[in-house]
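Only one structure is covered here, and it is reproduced in the block below.
On a predicted model such as this, the values are computed, not experimentally measured, just so you know.
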Amino acid sequence: EVQLVESGGGLVQAGGSLRLSCAASGFTFDDYVIAWFRQVPGKEREGVSCMRSSDSMTYYADSVKGRFTISSDNAKNTVDLQMRRLKPEDTAVYYCAARTIKWGTTWYPFRLRDYDSWGQGTQVTVSS
């Protein structure tokens, strides 16, 4: 069973930085994706960034390109999201999620229904 545990959320002023960490365990497939989504009350959960295990390809939402960086730490089994130049509109609960990829299939980085493992979420609040 895949388990995901997020950490690192908090309160920061606009323009500041935060680093989120997702501790991941229980993968039995070689090709999987770990993603960060975020959600504010009343809105749909949206994809922020993801990384594929087989080739380390990374993907970003347009709203965070150039400000956020996703990376993996294999020694710690974590996938981290470094967030810089934070804006008030980045305020949300951030979730770590995981999905597997079947060989030879087309996949979509941020299609919500494809992700079947989720962390509990961590709050990020950016004050203006």
Side-chain angles (χ1 to χ4, degrees):
E1 179 185 358
V2 174
Q3 292 189 326
L4 305 170
V5 179
E6 303 99 335
S7 61
L11 173 65
V12 66
Q13 287 188 331
S17 300
L18 277 177
R19 188 178 185 92
L20 305 182
S21 186
C22 175
S25 62
F27 290 101
T28 58
F29 293 92
D30 292 333
D31 199 2
Y32 56 88
V33 177
I34 293 186
W36 286 95
F37 286 80
R38 66 186 181 186
Q39 189 171 25
V40 298
K43 291 191 176 181
E44 191 172 299
R45 196 168 292 189
E46 64 172 359
V48 175
S49 182
C50 67
M51 173 180 280
R52 184 173 179 175
S53 65
S54 61
D55 56 12
S56 297
M57 284 291 292
T58 58
Y59 302 83
Y60 296 92
D62 288 342
S63 58
V64 306
K65 280 181 183 176
R67 300 189 298 121
F68 291 12
T69 304
I70 192 169
S71 62
S72 63
D73 186 330
N74 293 332
K76 296 180 181 179
N77 287 331
T78 62
V79 173
D80 298 340
L81 185 68
Q82 178 67 53
M83 306 184 293
R84 299 181 176 87
R85 304 200 308 276
L86 283 160
K87 304 175 182 180
E89 51 263 42
D90 294 318
T91 295
V93 177
Y94 283 70
Y95 297 90
C96 180
R99 59 156 296 173
T100 55
I101 297 178
K102 295 180 181 178
W103 183 85
T105 61
T106 299
W107 71 285
Y108 302 91
F110 300 129
R111 192 162 68 180
L112 200 65
R113 66 176 183 268
D114 294 334
Y115 288 84
D116 49 19
S117 298
W118 292 86
Q120 80 285 357
T122 185
Q123 176 71 45
V124 171
T125 303
V126 184
S127 63
S128 57

Hits for salt bridge (Lys or Arg N to Asp or Glu O under 4.0 Å) against E89, two or more places apart or cross-chain, chain-then-number order -> none
Looking only at heavy atoms, which two atoms of S21 and D80 are closest? And how far apart?
OG-OD1, 2.8 Å
Do I101 and M57 land in one hydrophobic cluster if side-chain heavy atoms of ILVMFWY residues count as linked below 4.5 Å?
yes
Indicate the atoms forming the closest heavy-atom contact of A61 with G47, along with that distance.
CB-O, 3.4 Å
Residues sharing W103's hydrophobic cluster, by side-chain heavy-atom contacts under 4.5 Å among ILVMFWY, directly or via others?
none
Kindly state each residue pair satisfying ring pair (Phe, Tyr, Trp, His ring centres under 6.0 Å) with at least one member in residues 65-96, sequence neighbours excluded.
none
Just how far is it from atom CD of E44 to atom CD of Q39, taken to the nearest 0.5 Å?
8.5 Å
State plainly whether one hydrophobic cluster holds both V64 and V93, where clusters connect Ile, Leu, Val, Met, Phe, Trp and Tyr through side-chain heavy atoms under 4.5 angstrom apart.
no
Apply disulfide bond (SG atoms under 2.5 Å apart) to C50 and list each qualifying residue two or more places apart in sequence or on a separate chain.
none
For R52, enumerate each residue passing the salt bridge (Lys or Arg N to Asp or Glu O under 4.0 Å) test, keeping only those at least two apart in sequence or located in another chain.
D31
Residue pairs involving residues 92-128 (criterion disulfide (SG to SG under 2.5 Å); sequence neighbours excluded):
C22-C96
Please identify which of these residues, D90, T125, V124, L81, meets the side-chain contact (heavy atoms from CB on, under 4.5 Å) condition with L18.
V124
Quick one: list whatever passes side-chain contact (heavy atoms from CB on, under 4.5 Å) with S56, sequence neighbours left out.
none
Got a second to check how far T100's OG1 is from D116's CG, nearest 0.5 Å?
6.0 Å
Would you say that T91 contacts Q123 through its side chain, given a criterion of any heavy-atom pair below 4.5 Å between the two side chains?
yes
Nearest non-hydrogen partners of G9 and L20, listed with the distance
N-CD2, 3.6 Å
Taking only residues two or more places apart in sequence or in another chain, which ones pass side-chain contact (heavy atoms from CB on, under 4.5 Å) with K65?
Y60, D62
Residues S117 and L4: closest non-hydrogen pair is O-CD1, 3.5 Å
Side chain to side chain donor-acceptor pair (under 3.5 Å) partners of Q82, counting only residues at least two apart
R19
Considering non-hydrogen atoms only, spot the tightest contact between A92 and V40 and give its length.
CB-CG1, 3.7 Å
Listing request: all ring pair (Phe, Tyr, Trp, His ring centres under 6.0 Å) pairs with a residue in residues 104-128, at least two apart in sequence or in separate chains.
F37-Y115, F37-W118, Y59-W107
side-chain contact (heavy atoms from CB on, under 4.5 Å) with E6: of T78, T122, V79, only one passes, and it is T122
How many angstroms lie between CZ in R67 and CG in L86, if you round to the nearest 0.5 Å?
6.5 Å
For R111, the salt bridge (Lys or Arg N to Asp or Glu O under 4.0 Å) test, sequence neighbours excluded, returns D114
With no hydrogens and no angle check, is any side-chain donor or acceptor of Q120 less than 3.5 Å from a backbone partner on V5?
no
Does S49 reach the main-chain N or O of W36 with its side chain, forming a donor-acceptor pair under 3.5 Å?
no
Could you state the interatomic distance from CZ (R85) to NZ (K87), rounded to the nearest 0.5 Å?
8.0 Å
Once salt bridge (Lys or Arg N to Asp or Glu O under 4.0 Å) is applied, do any residues pair with R84, and if so which ones, sequence neighbours excluded?
none
